Amino acid sequence: MRVVAGEFGGRKLKTLSGNNTRPTTDKVKGAIFNMIGPYFDGGKALDLFSGSGSLGIEAVSRGMDQAVLVEKNFRAMEIIRENIAVTKNESAFQLMKMPANQAIQQLIANEVKFDLVLLDPPYAKQEIVKQINLLLDNDLLTRTSIVVCETGKEIVLPKAIGNLKERKRQDYGITAVTIYDWED
């Protein structure tokens, strides 16, 4: 696995061995960022189920100013730290070692807003709609926010969640990517 494009493009990233995480393939990661960018002019990203950190790292590589990486697994967090070190830009990343819902509550207290949200939860433990509603209800998204959800292809998310409307859904093997944009 590697950073696909941008400032850190081509740098190799580590993944956690075993079945604790399911890393987004380079092909799917490249497709996601080509659909939503492919590059950004600043902003803040939230990678709520970081795994190896590759999606958040890709977002910063492609122009986001900062990424908040949330992961509850200790071993995965160690891999994320190693992968961030490869960027030589550690200050662009904030790590939160805790479950996603707990992280959202902490972010609410900090009144942080995100321009890009990446949701790639373990397929069997998805609460995507609930988590997006938490972000919306607590004003953690901007009117230009993009929300990217990676699920099993058998999962069909709603066409709209609050002010977020589905822009596109694309299947890649067993994976589906659904992208939402803000719409008044």
Side-chain angles (χ1 to χ4, degrees), residues 1-9 11 13-16 20-26 28-40 42-87 89-108 110 112-123 125-128 130-132 134-136 138 140-142 145-151 164 175 177-180:
M1 188 170 61
R2 64 186 172 84
V3 178
V4 177
E7 180 183 353
F8 316 134
R11 295 185 193 178
L13 300 175
K14 294 181 179 179
T15 60
L16 188 62
N20 289 326
T21 62
R22 176 192 30 77
T24 303
T25 66
D26 289 348
V28 173
K29 186 169 39 174
I32 287 170
F33 283 92
N34 285 333
M35 285 189 277
I36 64 172
Y39 296 96
F40 307 101
K44 193 166 206 169
L46 172 62
D47 185 354
L48 204 51
F49 300 89
S50 291
S52 67
S54 87
L55 289 174
I57 291 169
E58 189 77 31
V60 171
S61 181
R62 291 173 181 250
M64 283 283 159
D65 295 317
Q66 186 179 26
V68 175
L69 307 177
V70 178
E71 178 55 56
K72 69 179 184 178
N73 181 289
F74 176 79
R75 287 185 22 229
M77 189 57 78
E78 291 302 311
I79 295 291
I80 292 169
R81 283 189 180 93
E82 290 178 38
N83 286 337
I84 287 172
V86 168
T87 72
N89 188 9
E90 288 92 339
S91 64
F93 301 94
Q94 176 187 344
L95 303 179
M96 298 178 77
K97 188 194 168 304
M98 61 187 67
N101 291 337
Q102 184 181 341
I104 291 171
Q105 293 305 317
Q106 190 169 327
L107 294 167
I108 291 167
N110 295 343
V112 180
K113 288 188 184 276
F114 294 97
D115 305 286
L116 174 63
V117 177
L118 304 156
L119 297 165
D120 182 13
Y123 288 171
K125 299 180 181 177
Q126 292 182 5
E127 298 181 303
I128 287 176
K130 173 186 170 186
Q131 288 156 340
I132 290 174
L134 268 173
L135 296 170
L136 286 166
N138 291 285
L140 296 180
L141 302 178
T142 68
S145 290
I146 300 168
V147 177
V148 178
C149 306
E150 192 174 330
T151 63
L164 296 173
T175 301
V177 174
T178 307
I179 299 172
Y180 292 95

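Computed from a predicted structure; not experimentally measured.
- The aromatic rings of F40 and F33 sit perpendicular to each other, their planes meeting at more than 60°, with 30° as the lower class boundary.
- In this structure, S145 contributes its side chain and F114 its backbone to a donor-acceptor pair below 3.5 Å.
- Smallest separation of non-hydrogen atoms from V112 and L140: O-CD2, 2.8 Å.
- Between the CD atom in E7 and the CD1 atom in I57 there is a gap of 12.0 Å [rounded to 0.5 Å].
- When all heavy atoms of A76 and N73 are compared, the closest pair comes out as N-OD1, 2.8 Å.
- A103 approaches V70 most closely through the heavy-atom pair CB-CG1, 3.6 Å.
- Of all the heavy atoms in A92 and V60, the pair that sits closest is CB-CG1, 3.9 Å.
- Just one of V4, V3, N34, V177 meets the side chain to side chain contact (heavy atoms under 4.5 Å, CB included) condition when paired with K29; it is V4.
- Distance check, rounded to the nearest 0.5 Å: CG of N101 to CG of L48 gives 7.5 Å.
- A distance-only check finds a donor-acceptor pair linking the side chain of K97 to the backbone of K72 [under 3.5 Å].
- For the atom pair L164 CG and I179 CD1, the distance stands at 12.5 Å (nearest 0.5 Å).
- Side-chain contact between F93 and I80: absent, with no pair of heavy atoms (C-beta onward) separated by less than 4.5 Å.
- With rounding to the nearest 0.5 Å, the separation of CD in Q126 from SG in C149 is 9.0 Å.
- For the pair F49 and P122, the tightest heavy-atom approach, listed with the atom from each and the gap, is CD2-CD, 3.9 Å.
- Two residues are said to be in side-chain contact when any heavy atoms from C-beta on lie closer than 4.5 Å; F8 and V86 fail this criterion.
- In this structure, CG on D47 lies 8.0 Å from CG on D120, to the nearest 0.5 angstrom.
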Trace of the side-chain contact (heavy atoms from CB on, under 4.5 Å) decision for V148 with L55:
CA-CA 10 Å; V148 178; L55 289 174; over 6 Å; no

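- Each of L116, V147, L118, L107 was evaluated against L46; a single residue qualifies, L107, per the side chain to side chain contact (heavy atoms under 4.5 Å, CB included) test.
- No more than 12 heavy atoms of other residues, nucleotides or ligands shown are found within 6.0 angstrom of NZ on K14.
- At distances below 3.5 Å, at least one donor-acceptor pair connects side-chain atoms of N83 with backbone N or O atoms of S52.
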Between Y180 and V117, does a side-chain contact (heavy atoms from CB on, under 4.5 Å) hold up when you go through it step by step?
CA-CA 10 Å; Y180 292 95; V117 177; over 6 Å; no

Please lay out, stage by stage, how I79 and T15 fare under the test side-chain contact (heavy atoms from CB on, under 4.5 Å).
CA-CA 7 Å; I79 295 291; T15 60; 5.7 Å; no

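- Closest of all the heavy-atom pairs between R62 and A5 is NH2-CB, 3.5 Å.
- With hydrogens and angles disregarded, no donor-acceptor distance shorter than 3.5 Å links the side chain of D26 to the backbone of M1.
- Interatomic distance, E71 CD to L95 CG, rounded to the nearest 0.5 Å: 10.5 Å.
- There is a side-chain donor-acceptor pair under 3.5 Å between E150 and T24.
- Ion pairing between R75 and E78 fails under the 4.0 Å rule for side-chain N and carboxylate O.
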